[in-house]
Colleague: 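Okay, here's the structure, questions in a sec.
Chain naming here is simple, since letters A, B, ... match the order of the sequence lines and numbering starts at 1 in each.
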Number of protein chains: 2
Amino acid sequence: MKVLVVDDDRVLADLLAFTLRREGFEVILAFDGAAAIQKWQAESPDVILLDLNLPKVDGFAVCQRVRAAEDTPIIILTVRDEEEDIVQGLDLGADDYIQKPFSPRQLVARILAVLRRAGKTPTPIVPKVGQFTLDRSRRLLQIDSGTVISLTPLETRLMSQFMIHAGQILATESIIDHVWGVQGADRDMVRQLVRRLRRKLEPDPANPIYIETVSGHGYGMVRPDSQQP
Amino acid sequence: MKVLVVDDDRVLADLLAFTLRREGFEVILAFDGAAAIQKWQAESPDVILLDLNLPKVDGFAVCQRVRAAEDTPIIILTVRDEEEDIVQGLDLGADDYIQKPFSPRQLVARILAVLRRAGKTPTPIVPKVGQFTLDRSRRLLQIDSGTVISLTPLETRLMSQFMIHAGQILATESIIDHVWGVQGADRDMVRQLVRRLRRKLEPDPANPIYIETVSGHGYGMVRPDSQQP
DNA sequence: CAGCCTTGTCACAAGGCTGTCACACGCTTT
DNA sequence: AAAGCGTGTGACAGCCTTGTGACAAGGCTG
């Protein structure tokens, strides 16, 4: 599920990106209207988060431009006291709006609601990959439809990332971005986290079969069907 | 649940309509006092959102007219620095007021609060889930068609939320919104409320089997069929 | 007016989560 | 062979969250 985030406030855009990636969305960023349209054409996102105050091409124009060609759902980002902008945006075909400041939870709920309304897959966010089933709200991981283990918040985010990108190797920096976000972390912390996750889910943590290490680069979860060479 | 929105500012009225429809309300619009009274008679809304500055017949008159005949709840919309209007409106029988600008959350919370006070059940009736039968008006909870315990108002609302969303984890903020509404609350209060509810309905409150905790996130009621592995 | 119920507030203990440090091991480089 | 780097491992301490008990304020009832 791909989300295009358009906002000239880079700090906020980064925060949005982190929040959404954590929830399993793929995120593309654009910082002005021109870039937004370009990325929209190039990437065909499933939904657009659009700030209306943009340099170069403003949000309304982006809205119109998108609506003229496709019905990609659009959610407007606004500050309070911009009722007219909201209504104008909705008139131009935006599907929903959300006022800053908002909680990550609200944001995700809105996006899911819009996607559902647009008929784009009710979004079964990463529940099952290979032998793993992750219940993010309860932070429970089920292995092989048998054992159920409980994870900590950080472990849940890491596992979620591994499952979303199963079969790929995630660079340490990427893991830091996706798990810790703005707060940041260092390599030691990643090592510890991977270690703790391995201890919980690997049959033999000394010889891991699920989470592999690529020295000097990062970690990754092996895809179940990529087991047989 | 039907809401009559009366405001001569069409932009704001449209926004209100969109917001309320998004939350599941049925919305009727009127842009002046005369239309308001006409629609009120024709549609019998469950609650009225009323701007006081109106053409033709002003808001106070609408307020009086409605109150003379029925006790349809009325919420006044004002801008800041109109304290006299608020007082006058409340004197004329309005049930609550809300100042622009306001967040959708506040608006919905206030409407639900007013409806609840007026005895119109804003939420669907959920008498029976699993082993629990809840009588919201009497605030009685029956367990396993055996024991009957009485709950306080807050406990009733919390239990209602748990039953409506049985099997899901409710975030603390979500619990606050649905149980306390406009007034709001903090984590301590949620903890206490959950504790008191547990003490009443859990066989062993120290090891709860009905209400589960997800640290750092919230609480949830286990679904009856999710008991057997 | 007294008393009970309800609810908000506070303090405290226990436990889990997470960051930090030290050390061992294997590999590569010098 | 020695040194350096990256990684796995274990232990430990601080912080945060939760559960718990107690108490006070406020409202309602008799």
Side-chain angles (χ1 to χ4, degrees), chain A residues 22 136-141 149-160 169-173 175-176 178-220, chain B residues 113 116-117 136 138-141 149-161 169-173 175-176 178-220:
Chain A
R22 196 174 67 189
R136 289 164 53 91
S137 77
R138 271 171 238 271
R139 299 203 303 257
L140 294 177
L141 180 68
I149 56 184
S150 82
L151 304 178
T152 71
L154 286 183
E155 288 163 1
T156 307
R157 289 191 214 165
L158 178 60
M159 191 62 199
S160 178
I169 303 301
L170 301 175
T172 305
E173 299 77 44
I175 291 178
I176 291 173
H178 288 46
V179 174
W180 279 270
V182 283
Q183 181 191 338
D186 58 27
R187 295 168 181 284
D188 277 0
M189 291 155 70
V190 176
R191 248 194 316 156
Q192 276 311 319
L193 185 60
V194 169
R195 163 175 161 67
R196 283 163 179 151
L197 187 54
R198 272 182 178 151
R199 185 145 60 176
K200 282 191 178 176
L201 60 83
E202 294 279 1
D204 177 10
N207 304 341
I209 58 176
Y210 297 128
I211 303 174
E212 57 179 330
T213 303
V214 177
S215 188
H217 184 206
Y219 300 89
Chain B
R116 194 161 42 224
R117 231 179 297 148
R136 294 163 57 104
R138 294 179 197 286
R139 302 204 308 261
L140 294 177
L141 180 68
I149 56 183
S150 83
L151 303 178
T152 70
L154 284 183
E155 287 164 1
T156 307
R157 285 196 227 160
L158 178 61
M159 192 62 200
S160 174
Q161 282 302 308
I169 304 298
L170 300 177
T172 305
E173 309 89 67
I175 292 177
I176 292 173
H178 287 94
V179 173
W180 278 270
V182 276
Q183 182 191 340
D186 58 26
R187 299 176 179 286
D188 277 358
M189 292 156 69
V190 176
R191 239 187 331 152
Q192 272 320 313
L193 185 60
V194 169
R195 165 174 162 67
R196 284 163 178 151
L197 186 55
R198 271 183 179 151
R199 187 144 58 176
K200 283 190 178 177
L201 61 83
E202 294 278 0
D204 177 10
N207 304 352
I209 58 176
Y210 297 128
I211 303 174
E212 59 179 328
T213 303
V214 177
S215 183
H217 184 199
Y219 298 90

Colleague: Touch check for B/Gln192, heavy atoms < 4.0 angstrom, all strands: base, sugar-phosphate only, or nothing?
Modeller: base
Colleague: Base, sugar-phosphate or nothing for A/Ala206? Non-hydrogen atoms, less than 4.0 Å.
Modeller: sugar-phosphate
Colleague: Across the strands shown, which category fits B/Arg187 at heavy-atom distances under 4.0 angstrom: base, sugar-phosphate, nothing?
Modeller: nothing
Colleague: Could you pick out which residue, A/Gly216 or B/Arg199, lies toward the 5' side of DNA chain D when each is mapped onto its nearest nucleotide?
Modeller: A/Gly216
Colleague: Paired with D/dG30: which nucleotide, if any, by Watson-Crick or G-U wobble criteria at under 3.5 Å for both distances?
Modeller: C/dC1
Colleague: According to the salt bridge (charged side-chain N to carboxylate O under 4.0 Å, His left out) rule, which pairs have a member within residues 189-205 of chain B, sequence neighbours left out?
Modeller: B/Glu155-B/Lys200, B/Asp188-B/Arg191
Colleague: Are any non-hydrogen side-chain atoms of A/Met159 and A/Thr156 less than 4.5 angstrom apart?
Modeller: no
Colleague: Considering every strand and a 4.0 Å limit on heavy-atom distances, what is the contact class for B/Arg198: base, sugar-phosphate, or nothing?
Modeller: sugar-phosphate
Colleague: Distance check needed: D/dT9 P versus A/Glu202 CD, whole Å only.
Modeller: 10 Å
Colleague: Would you kindly give the CG-to-C1' distance between B/Asp188 and D/dG21, to the nearest whole Å?
Modeller: 14 Å
Colleague: Round to a whole Å and report the spacing from CD1 of B/Ile211 to C1' of D/dT18.
Modeller: 15 Å
Colleague: Reading DNA chain C 5' to 3', which nucleotide is the first, and which the last, to come under 4.0 Å of any heavy atom in chain B?
Modeller: C/dT6 to C/dC10
Colleague: Check the distance between D/dA22's C1' and B/Arg196's CZ and give it to me in whole angstrom.
Modeller: 10 Å
Colleague: CZ of B/Arg138: more than 12 outside heavy atoms within 6.0 angstrom?
Modeller: no
Colleague: Given that B/Arg139 and B/Arg191 both sit by DNA chain C, which one's nearest nucleotide is further toward the 5' end?
Modeller: B/Arg139
Colleague: Ignoring backbone atoms, establish whether A/Tyr219 has a side-chain N or O less than 4.0 Å from OP1 or OP2 of D/dG6.
Modeller: no
Colleague: Look at all strands and tell whether B/Leu154 reaches a base, only sugar-phosphate, or nothing, counting heavy atoms closer than 4.0 Å.
Modeller: sugar-phosphate
Colleague: Looking at D/dG6, D/dT20, D/dT18, which one has an atom nearest to any side-chain atom of B/Ser215?
Modeller: D/dT18
Colleague: Across all strands shown, which nucleotide pairs with C/dT29 by Watson-Crick or G-U wobble geometry, both distances under 3.5 Å?
Modeller: D/dA2
Colleague: Hey, does B/Val214 have a side-chain heavy atom less than 4.5 Å from the side chain of A/Ser137?
Modeller: no
Colleague: Enter the distance from B/Arg157:CZ to B/Arg116:CZ here, rounded to the nearest 0.5 Å.
Modeller: 4.0 Å
Colleague: If I compare all heavy atoms of B/Thr213 with all of B/Tyr219, which pair ends up nearest, and what's the gap?
Modeller: OG1-CE2, 3.3 Å
Colleague: May I ask you to test the A/Leu151-A/Leu197 pair for a side-chain heavy-atom distance under 4.5 Å?
Modeller: yes
